[in-house]
Amino acid sequence: MASTTTPASAPSPTPTFFLAGGTGISAETLGNMMLQQFPTVTFTRRKIPFITTVERAREVVVALDAAMTETVTPLVFSTVSDEEVRAELQRTRCAFIDLFGSHLATVEHVLHVNASHHVGALHGVGDVGRYEARMRAVEYAMEHDDGQSMRNLEQAQLILIAPSRCGKTPTSIYLALQHGIKVANYPLVEEDFDTSDLPRPVRPYAAKCFGLLSTAARLSQVRGERRPGSRYASLAQCSYELRRAEAMYRTHGVPVVNSSAMSVEEIAAVIMQSRPLNDVG
């Protein structure tokens, strides 16, 4: 008689929490950078922002410890700066990774100045100015998304060009929101591939252009989710557009990044490194 075996159950996902006294963007970004080093592990992620009081910290600890099991220890990434709140959070039975406090003493020692330990929110005219600059950049990116408007194109600090669905919009919004950069993006369409010239609207601004590419397989997959079975999503059409776009970039010396296997954060970092763009912070 043939023996039967019970297939091993998949390991439970590791609960992961990102804690912050502010919005949690830094905790989430830094924590995810570490998690990316463990591609074989599955994580569930939850961000808990605006932890500003000891009472709130106690509530959070209850939620963290509730995620503990006999076999899984949750990970907690924290950028909370307030000493009392941070001390309360560290009472959790979970694995607590302090992304802020553990390095603060070193910075204080180097600078010979004690840290203020305030929550990173809007304090003073300088911070308000940076916030308003980011909001203006977001408004600009939305107005100039996908070639919707050519108005004030000369104000753009960066113009992303690429075939449809290569990641222009999320990259534009990310650069605007995180760095305060005014980004326009322009889609390369069928008639743009007839020659290797840059499209007429962006031609005067070639020095501001940056190209995005993908792989034909990835582009076909993404387009297929939007228009399944269409010529637009076919592997042949995607291959053609990517070849013509690459030739255009090469002809005009447009820098390029392949977005197929990169996060929007990584794409933005490559662009920021290769272009003299002013980050408003």
Side-chain angles (χ1 to χ4, degrees), residues 13-38 41-68 72-124 126-135 137-138 170 173-181 263-269 272 279-281:
T14 299
T16 304
F17 297 87
F18 307 102
L19 312 184
T23 61
I25 291 174
S26 297
E28 197 170 28
T29 300
L30 294 170
N32 277 319
M33 284 175 61
M34 296 187 194
L35 298 184
Q36 287 174 4
Q37 306 306 310
F38 306 93
V41 180
T42 303
F43 301 96
T44 60
R45 294 168 168 86
R46 179 185 174 189
K47 180 169 67 175
I48 307 179
F50 306 116
I51 308 170
T52 57
T53 66
V54 171
E55 290 73 19
R56 176 57 179 153
R58 289 176 184 146
E59 295 173 357
V60 171
V61 169
V62 171
L64 299 179
D65 289 350
M68 287 278 295
V72 177
T73 300
L75 295 171
V76 178
F77 295 94
S78 172
T79 56
V80 172
S81 62
D82 185 278
E83 288 184 342
E84 290 186 16
V85 175
R86 190 166 70 245
E88 192 65 34
L89 291 171
Q90 289 173 331
R91 294 178 181 272
T92 180
R93 295 184 293 124
C94 302
F96 192 89
I97 298 95
D98 190 351
L99 298 170
F100 191 98
S102 58
H103 305 293
L104 192 59
T106 301
V107 178
E108 287 179 325
H109 177 73
V110 170
L111 298 178
H112 304 290
V113 175
N114 292 328
S116 64
H117 297 277
H118 69 256
V119 175
L122 295 178
H123 294 278
D127 287 335
V128 172
R130 287 194 292 271
Y131 174 80
E132 291 178 346
R134 289 197 299 269
M135 292 305 100
V138 169
I173 297 298
Y174 181 87
L175 285 167
L177 186 59
Q178 295 298 319
H179 300 287
I181 295 169
S263 67
V264 67
E265 294 90 348
E266 290 171 322
I267 297 168
M272 292 287 290
D279 186 340
V280 300

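Across every non-hydrogen atom of G22 and P49, the tightest pair is O-CB, 3.1 Å. Taking both residues in full, the closest heavy atoms of E88 and V61 are given as O-CG2, 3.5 Å, listed atom of the first, atom of the second, then distance. Considering every non-hydrogen atom in both F96 and T92, the closest pair reads CD1-CG2, 3.9 Å. For A20 against T79, the heavy-atom pair with the smallest separation is CB-OG1, 3.6 Å. Nearest heavy-atom pair, F43 versus F38, reported as atom, atom and distance to 0.1 Å: CE1-O, 4.0 Å.
Taking CD of E265 as the start and CG of L175 as the end, the distance is 10.5 Å to the nearest 0.5 Å. Here I51 contributes atom CD1 and R56 contributes atom CZ; the two are 6.5 Å apart, rounded to the nearest 0.5 Å. Rounding to the nearest 0.5 angstrom, the gap separating the CG atom in L89 from the CZ atom in R58 is 11.0 Å. Between atom CE of residue M34 and atom CD1 of residue I97 there is a gap of 7.0 Å, rounded to the nearest 0.5 Å. For the atom pair T23 OG1 and F50 CZ, the distance stands at 6.0 Å (nearest 0.5 Å). From R45, atom CZ reaches atom CG of L35 across 5.0 Å, with rounding to the nearest 0.5 Å.
Between T44 and R46, the closest side-chain pair of non-hydrogen atoms is not below 4.5 Å. Counting only heavy atoms from C-beta outward, the side chains of P15 and V72 approach each other to under 4.5 Å.
Partner of L99 under the side chain to side chain contact (heavy atoms under 4.5 Å, CB included) criterion, out of L30, T29, L19: L30 alone.
Taking the six-membered ring for Trp and thresholds of 30 and 60 degrees, Y174 and H179 have ring planes more than 60 degrees apart, a perpendicular arrangement.
Residue E266 places its CD atom among more than 12 non-hydrogen atoms of other residues, nucleotides or ligands, all under 6.0 Å distant. With a 6.0 Å radius and a threshold of 12 heavy atoms from other residues, nucleotides or ligands, M33 has its CE atom at or below the threshold.
Qualifying side chain to side chain contact (heavy atoms under 4.5 Å, CB included) partners for T42, counting only residues two or more places apart in sequence or in other chains: P13. Remark: F17 engages no residue in a ring-ring contact (aromatic ring centres under 6.0 Å, His included) (not counting sequence neighbours).
Screening residues 23-35 for salt bridge (Lys or Arg N to Asp or Glu O under 4.0 Å) gives E28-K47 as the qualifying pairs, with residues at least two apart or on separate chains.
A donor-acceptor contact shorter than 3.5 Å links the side chain of T16 to the backbone of T14.
Using modelled atom types and a 3.5 Å distance limit, the side chains of S78 and D98 yield no donor-acceptor pair.
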